[in-house]
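Please read all numbers here as calculations on a predicted model, not as lab measurements. Both backbone and side-chain heavy atoms feed into the values below; hydrogens, waters and symmetry mates do not.
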Amino acid sequence: MSPLEAAVDAAAAAGELLQAYAGQPLEIREKERRADLVTVADRAAERCIVDRLRAAYPDAAILGEEGGVQPGSSSRDRWIVDPLDGTTNFAHGYPLFCVSIAFEREREVLAGVVYAPAMNEWFLAERGAGATRNGSKLNVSGIRSVGEALVCTGFHPAEMGINAPYFARASSHAQGVRRDGSAALDLAYVAAGRFDAFWEFGLHAWDVAAGALIVREAGGRVTQVDGSPHTVESPSILATNAHVHEGMCELFADLQR
Ligand code: IPD
Ligand code: CA
């Protein structure tokens, strides 16, 4: 089974589980800080994914949002898993949530899956082989200027202060700004040409690993917000259709924190 096939198999099982939980009253807990939610569904979906990935690739390490690092005997292979990205959306019955799974070898992301079960959408990519949505080739949008762009961001409510200048700047220059609540899905939407750009500070590897590969493989560009190279551990991300990338960097240039 290729890494992409293993990730699809695990995401399908987790998606089915999330959909089953979605109709039920859930116990919702806050993690370390207010409005940082976790539900029984996040934990169950991660267990389901880890069991399947372990069975397919027994030696690979696994980094999961809920379980943290689980070392494997291989020092070169790692799965990066967000079992439920968009937990707040999920908890409120807002359908923009997804499962995100990436496979990394020698620190390079080779395969990525973002699956939105409530929307029945699969976004897949393999390095060098392009990206797809439900089997059809994905391409970023052709929008050429920030002024015509629909852009998206995300931030925790406690970080409104530091994000507000970026939000205000984008709002006054772009055609529209959205805050959809699932970074992995926001990235998939850039790849699909629905958003022309997405930026966020303070994300984790599990939020971005699969989505960033899908954007690149759909012809987009991914850097940090200041235009410097992006890795899954970077403190910020700017993902665009490539055409508006410089424009977005310039828009934020004097705000760099
Ligand atoms: C969150 C979402 C959200 C982003 C937050 C993430 P979670 O992930 O991706 O869009 O703004 O920074 O933590 O908690 O729903 O898995
Ligand atoms: Ca997440």
Side-chain angles (χ1 to χ4, degrees), residues 3-4 6-18 21 26-91 97-115 117 154-159 181-188 200-214 224 230-237:
L4 189 69
V8 166
D9 171 71
E16 205 174 301
L17 209 147
L18 292 177
Y21 275 112
L26 286 181
E27 189 195 338
I28 300 166
R29 290 211 181 135
E30 290 186 334
K31 295 204 251 189
E32 295 89 50
R33 59 180 178 170
R34 185 189 80 77
D36 195 356
L37 305 185
V38 63
T39 68
V40 59
D42 299 62
R43 297 207 170 102
E46 185 158 314
R47 274 196 304 276
C48 160
I49 292 167
V50 167
D51 287 350
R52 283 176 182 252
L53 296 181
R54 271 263 174 271
Y57 283 74
D59 300 334
I62 302 179
L63 169 66
E65 174 162 16
E66 307 309 332
V69 182
Q70 301 183 39
S73 59
S74 161
S75 56
R76 60 180 201 148
D77 290 352
R78 178 168 76 146
W79 293 101
I80 305 175
V81 176
D82 194 336
L84 170 49
D85 187 50
T87 303
T88 306
N89 288 351
F90 176 82
F97 60 86
C98 66
V99 179
S100 173
I101 303 177
F103 178 77
E104 201 187 57
R105 174 160 287 167
E106 312 278 12
R107 317 286 295 167
E108 202 171 17
V109 179
L110 299 185
V113 170
V114 170
Y115 172 42
F155 47 86
H156 187 275
E159 286 167 5
S182 165
L185 210 47
D186 296 338
L187 288 163
E200 186 160 345
F201 295 93
L203 288 172
H204 296 95
W206 50 77
D207 299 309
V208 299
L213 178 69
I214 295 169
Q224 297 195 56
H230 178 267
T231 72
V232 297
E233 267 90 32
S234 293
S236 76
I237 187 166

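In this structure, Asp51 contributes its side chain and Cys48 its backbone to no donor-acceptor pair below 3.5 Å. One N or O on the side chain of His156 and one on the backbone of Ala158 form a donor-acceptor pair closer than 3.5 Å. Of the possible polar contacts, one joining the Arg54 side chain to the Ala60 backbone as a donor-acceptor pair under 3.5 Å is found. Panel note: side chain Glu46, backbone Gly67; a donor-acceptor pair is recorded below 3.5 Å. Checking side-chain atoms of Ser74 against main-chain N and O of Arg76 turns up a donor-acceptor pair under 3.5 Å.
A 4.5 Å side-chain heavy-atom check between Glu104 and Val232 finds at least one atom pair inside the cut-off. With contacts defined as side-chain heavy-atom distances shorter than 4.5 Å, the pair Pro3/Trp79 qualifies. Side-chain contact between His230 and Val208: present, with at least one pair of heavy atoms (C-beta onward) separated by less than 4.5 Å. Contact annotation: the side chain of Ile237 approaches that of Leu187 to within less than 4.5 Å [non-hydrogen atoms, C-beta and beyond].
Between Tyr115 and Ala12, the closest heavy-atom pair is CE2-CA, 4.2 Å. Taking each heavy atom of Leu63 and Arg78 in turn, the nearest pair found is CD2-NH1, 3.6 Å. Contact record, Ala7 with Val113: CB-CG2, 3.7 Å, taken as the closest heavy-atom pair. Residues Leu53 and Ala10 share a closest heavy-atom pair of CD2-CB, 3.9 Å. Across every non-hydrogen atom of Ala209 and Ala102, the tightest pair is CB-CB, 3.6 Å. Looking at every heavy atom in both residues, Phe103 comes nearest to Asp77 through CZ-CG, 3.6 Å.
Residue Asp42 holds its CG atom at 10.0 Å from CG of Asp85, rounded to the nearest 0.5 Å. Atoms CD and CZ, from Glu233 and Arg107 in turn, are 5.0 Å apart once rounded to the nearest 0.5 Å. Here CD1 of Ile101 is found 10.5 Å from CZ of Arg52. Values are rounded to the nearest 0.5 Å. Rounded to the nearest 0.5 angstrom, Leu84 CG and Glu65 CD are separated by 8.0 Å.
No more than 12 heavy atoms of other residues, nucleotides or ligands lie within 6.0 Å of CD in Glu16, so this atom counts as exposed by the packing criterion.
The aromatic rings of Phe90 and Phe97 lie perpendicular to each other, with more than 60° between the two planes, well past the 30° mark.
Screening Asp82, Ile49, Val114, Val81 for a side chain to side chain contact (heavy atoms under 4.5 Å, CB included) with Val99, the sole residue that qualifies is Ile49.
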